[in-house]
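Counting starts at 1 for both ligands and their atoms, in listed order. Atoms considered below: every heavy atom in the structure, side chains included; atoms not considered: hydrogens, waters and symmetry mates.
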Amino acid sequence: MALSPCRNSAPAGSLRSSVVRLERPLSMGSATKQAAAAAATAVSPHARSKSTSAMPLLRRSSSATRFRDDAEGRVRVAVRLRPRNAEELVADADFGDYVELMPELKRLKLRKNNWDSETFQFDEVLTETASQKRVYEVVAKPVVESVLEGYNGTVMAYGQTGTGKTFTLGRLGKEDTADRGIMVRAMEDILADVSSEQDAVTVSYLQLYMETVQDLLAPEKDNISIGEDPKTGDVSLPGVTLYEVRDQKSFVELLQIGEANRFAANTKLNTESSRSHAILLVNVKKTVKPKQDRELAALNENVSTLQLSKGHKIPMVRKSKLIIVDLAGSERVHKSGSEGHTLEEAKYINLSLTALGKCINALAENSPHVPIRDSKLTRLLRDSFGGTARTSLLITIGPSPRHRGETTSTILFGQRAMRVENMVKLREEFDYKSLCRKLETEVDRLIVENERQSQAVLDTEEEMERKIQEAQQSVIEAENKLTKALEESAAERSHLQKEHAETVHKLEQERALRETLEKELKDSIQNLHCQREKQMQSERARYHKELEDYKQRHQQVETELNKRLEMECSQKDALEKKLKEAEYLMEQKGKNEIMLLASQCKELSFLKEKAEKELQDLKSKTSLMTKQLEEENVGLLEKVDSLGHELEEQSKQNKHLEYEVKNLKQKLLQLSFEADETRKSLDREPARISVGSDSPLMNSHKPLQMHESPNSQRATIAKLFEQVGLHKILSLLDSPDMDVRVHALKVVANLASEEANQKKIVEVGGLKSLLDLLQSSEDETIRRVAAGAVANLAMNETNQELIMAQGGIRLLAIAGSDAEDPQTLRMVAGALANLCGNDKLQSKLSKEGGIKALLAMGQCRHNDVLAQVARGLANFAKCESRAVARGNKRERSLLIDDGALPWIVSNANSEAPTVRRHLELALCHLAQHVNARDLIDANALSELLRISTEGSREDIRSLASRTLGASAIFQPK
Ligand code: ADP
Ligand code: MG
């Protein structure tokens, strides 16, 4: 017996939103029904897994796990004993146990009396302590699983009223979840297994009483007819309400509604629920994954031709049904009519249950006739007993010996039912409807997609066209750019080549310069050496000569003294002789004469004594002088010795200097090697040559340099500066060797041309050393280079103040007046010109004679010198005009005070463009209102007019015009 779902017509609004009312009947139309019949299969899962070849339509099931092999296909029967209730505990206290259970052996013993008992074997024996969960798992779960696999299933409770049928099947477990009965638990398992999107679970709840079927979910439908498919024999209930269940809560609500309606109906009919059968129908529709082509072909060759292209396989659907039946109390069979019903009534009340018993008897005894059509219950349960469903029957019994008769007959019913064989059948069919729906959706999707793609193709074409145009445009642009870039790169390349050639040339120059320097250095060292030697030799010779002179003088004095001594001696001898002669005369000439002679004699002797004394003195003097000479001699010898020592010291120092020179030479060699390397790399990479930048310092004046110094030389000097150190270089400024001093000074001057070095040079006292050299050096070269270095330092405002503070103006003025070489003048004038550009130092500069010194140098006719003088005056005039413009100065120009105006006027039209430009500027700046009168007096007006029209530069011309226009004094009267 297979129940087909019926057209529903239940009233709307009776259920919650989660319960979906089906608008379309689930029963199939005739056309699809035939196709389904053709495709319907009943395949046991076991058989399918084993073989894919042709399969029988009907096969005994082996899938239900809890069915023993011998119970396969057979109706499975379990017995449950209800525990004693309060009444029985009292009433049956004196009686022994009538029912004895042996659950391990699945046996039940009915004790007839003390010595006689009967034992029955069941599929399951559930004691009074068995939990609801265990009962569900043992009795219903295998059937539920089987339903989910595509087989019909039935769970049914049979037993005397009050033995627990409703307790076992219909408990909702609202108060205690452990009480949940089979209906609730079965739905839980079903909902957990199905997919909410693809599958469908629908529920109907019916009551069968007095051979009338009533819809418990729509109680107004109280006479629902039973239809049967003549071909398949499947039973349907047209008109019954079908609710789609999506969740457990709505199902429980449905059960509650059904229970309430059952109670109301029974009250109305004045019956008890135990006299009616409650039937819950659960339809499960499950989509199965499409089978493989081969498998499908094996199933039905005709069907395989229906396979569609593009991989569309016909979906399979399983439509199975679970029927849970809470039967009326079994005692009614025997006690019919005992409760005041008419015979007719009693006949109908018991008809269905009696018919069920008869059918089961017939099936159990394999009788050829089974009276299925005798009652509505047997018609409804056609598939459950002897049909294709998997059926599980629960026999409920009470413990009371007072109902032994009922209990025994119930047990015997169960025993007979155990012998009923079913042939389970898989309810699987092709789901053409859903396939059709899918295909329609797919076709619609493809149409939409197609339209979209056509549009996209059009769009893409348009886009492509636009892109092609853009690309063409950008190609043209790129070509233009390329041509331009090629031109530019050619220009750049020639520029670089030029630069490269220049750099190579400069490097060559530098190398020549270095070689000259080296040679100069070498020569100067040799000269120094020779000079020293000569000097020493001449000194030594001089000392020797002096010594010789001394000795000669000494000898001369000695001879002289000896001569005088001899003379004295001979005088003495002559006197003695005279005396003797006198004595003789005395004797000869008388006494007077003797007296005279005696006095003469006395005189003579006195003279003699004096002479002797003088002689003595002379002798002592001689010895003293000899002694002195000896001492002097010793001193001279000592001096000679010390000179020898000094000489040694000097030669040592020379050696040291030579060593240092050697070191410097090595460094120079290293630098030259590096320079060569640089040149080589420059040869290789002309693009890397950097162009030197002008000094950013005032009035675009380039630093004064001793030679035309290329960047590379500056770099070399910077390297030297790094390696040797500024202290060392500055210390060489004091070197006794003139050449070394000059070279060191040149290095300092060159370093001073770099702004980065200026601060360091000043910090380590370089400025002071330079000013000292300017003041004290006898040598003009040194003064020239020192002035150049000072000029370079004077480019910086802080240094200008320092130079002024250290008396720089005076020193520069002296250096200028002492200079003979125009280059020296150029350096000095350059330094002063730089100082002239400082706004703060104007009056001091004038006061200390800076302007006058410049004007004095202006007498030199050398253009380089004149250019610096002119620049200085222009700087000064510019600062003054700035001060006037700012209102900081109101009195006459200091330049005019210092008498610069005539010089400026007379040189303003110089042939040398630099001189001319500077002086034109100077004149323009001087032509302030405060100086206007002086300018007119100095005949500068005509010069200014000339400048306004023929000035050397456009800006100067316009400046002159402006200045002329600014003062009323200049205007023609
Ligand atoms: P039936 O439906 O067979 O007439 P019921 O299910 O209505 O019987 O049960 C009758 C009474 O016995 C109820 O009060 C029920 O709660 C109780 N009962 C039935 N079975 C059990 C059981 N296994 N454990 C406890 N009480 C039970
Ligand atoms: Mg009941």
Side-chain angles (χ1 to χ4, degrees), residues 77-92 97 99 101 103 108 122 124-140 155-185 205-209 214 216 255-256 258-267 269 271-280 324-336 338-339 349-350 352-353 356 377 393-400 402-403 405-411 413-414:
V77 183
V79 63
R80 185 181 195 184
L81 176 65
R82 171 177 62 69
R84 278 197 174 92
N85 57 30
E87 188 235 313
E88 283 164 344
L89 283 171
V90 179
D92 301 340
D97 282 344
V99 182
L101 301 181
L108 178 143
F122 283 95
E124 279 299 336
V125 169
L126 300 157
T127 64
E128 60 268 48
T129 58
S131 67
Q132 289 282 78
K133 184 171 189 241
R134 207 172 101 72
V135 174
Y136 169 73
E137 279 174 353
V138 165
V139 176
V155 177
M156 202 158 66
Y158 180 94
Q160 191 187 353
T161 298
T163 51
K165 297 183 294 296
T166 308
F167 180 89
T168 304
L169 296 178
R171 269 284 164 118
L172 300 179
K174 285 212 149 186
E175 298 85 36
D176 184 358
T177 47
D179 277 354
R180 271 142 54 238
I182 283 172
M183 286 175 180
V184 176
R185 288 176 196 264
Y205 200 12
L206 311 165
Q207 171 170 258
L208 176 62
Y209 178 62
Q214 186 182 15
L216 285 178
L255 284 186
Q256 271 179 313
E259 226 30 71
N261 288 334
R262 191 182 181 192
F263 178 79
N266 287 334
T267 314
L269 296 168
T271 60
E272 287 172 30
S273 65
S274 59
R275 291 186 197 159
S276 66
H277 313 281
I279 303 162
L280 180 75
I324 300 175
V325 191
D326 185 358
L327 290 170
S330 57
E331 73 284 354
R332 298 291 159 204
V333 181
H334 314 287
K335 295 179 179 173
S336 56
S338 60
E339 286 175 13
I349 289 168
N350 298 317
S352 278
L353 209 52
L356 181 66
L377 182 67
L393 175 67
L394 178 72
I395 297 296
T396 55
I397 52 170
S400 173
R402 286 177 288 151
H403 302 295
E406 294 296 345
T407 305
T408 309
S409 75
T410 304
I411 294 289
F413 178 87

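- Where the criterion is an N or O separation shorter than 3.5 Å, residue side chain and backbone included, T163 meets it with respect to ligand 1.
- In summary, T166 places an N/O/S atom under 2.8 Å from the Mg ion (ligand 2), meeting the contact criterion.
- Taking 4.0 Å as the cut-off, T396 does not count as a neighbour of ligand 1 on heavy-atom distance.
- In terms of protein heavy atoms, atom 7 (O) of ligand 1 is closest to T166 CB, 4.3 Å.
- In this structure, E137 contributes its side chain and R134 its backbone to no donor-acceptor pair below 3.5 Å.
- Taking 4.0 Å as the cut-off, N85 does not count as a neighbour of ligand 1 on heavy-atom distance.
- In summary, the side chains of T410 and Q160 do not present any donor paired with an acceptor at a separation below 3.5 Å, with no hydrogens or angles considered.
- Remark: M183 CE to I324 CD1 distance equals 5.5 Å, nearest 0.5 Å.
- Remark: side-chain polar atoms of R185 are paired, donor with acceptor, to backbone N or O of R180 under 3.5 angstrom.
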Please step through side chain to side chain contact (heavy atoms under 4.5 Å, CB included) for the pair V325 and Y158, ending with a clear verdict.
CA-CA 9 Å; V325 191; Y158 180 94; over 6 Å; no
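- The one candidate from T166, D179, D176 that meets the side chain to side chain donor-acceptor pair (under 3.5 Å) condition with R171 is D179.
- Protein heavy atom in closest approach to atom 15 (C) of ligand 1: F167 CD1, 4.1 Å.
- Contact analysis puts R171 in contact with ligand 1, with a non-hydrogen atom separation below 4.0 angstrom.
- Residue-ligand proximity, T161 to ligand 1, at heavy-atom distances under 4.0 Å covers atoms 4 (O).
- A distance of 12.0 Å separates CD1 in I395 from CG in L126, rounded to the nearest 0.5 Å.
- For G162, the heavy-atom gap to ligand 1 drops under 4.0 angstrom.
- In terms of protein heavy-atom proximity, atom 19 (C) of ligand 1 is closest to R82 CD, 3.2 Å.
- Atoms of ligand 1 found under 4.0 Å from any heavy atom of Q160 (numbered from 1 in listed order, with element): 3 (O).
- In this structure, G159 does not count as a contact residue of ligand 1, since none of its heavy atoms falls inside 4.0 Å of the ligand.
- Counting protein heavy atoms only, atom 25 (C) of ligand 1 is closest to P83 CG, 3.5 Å.
- Counting heavy atoms only, G164 comes closest to atom 8 (O) of ligand 1 of the residues G164, G329, A130.
- Look at E128 and you'll find every heavy atom at least 4.0 Å from all atoms of ligand 1.
- Side-chain contact between V125 and V79 is present, with heavy atoms from C-beta onward closer than 4.5 Å.
- Atoms CG and CD, from L81 and E128 in turn, are 5.0 Å apart once rounded to the nearest 0.5 Å.
- Considering CG of L394 and OH of Y136, their distance stands at 14.0 Å, rounded to 0.5 Å.
- Remark: atom 13 (C) of ligand 1 lies closer than 4.0 Å to no protein heavy atom.
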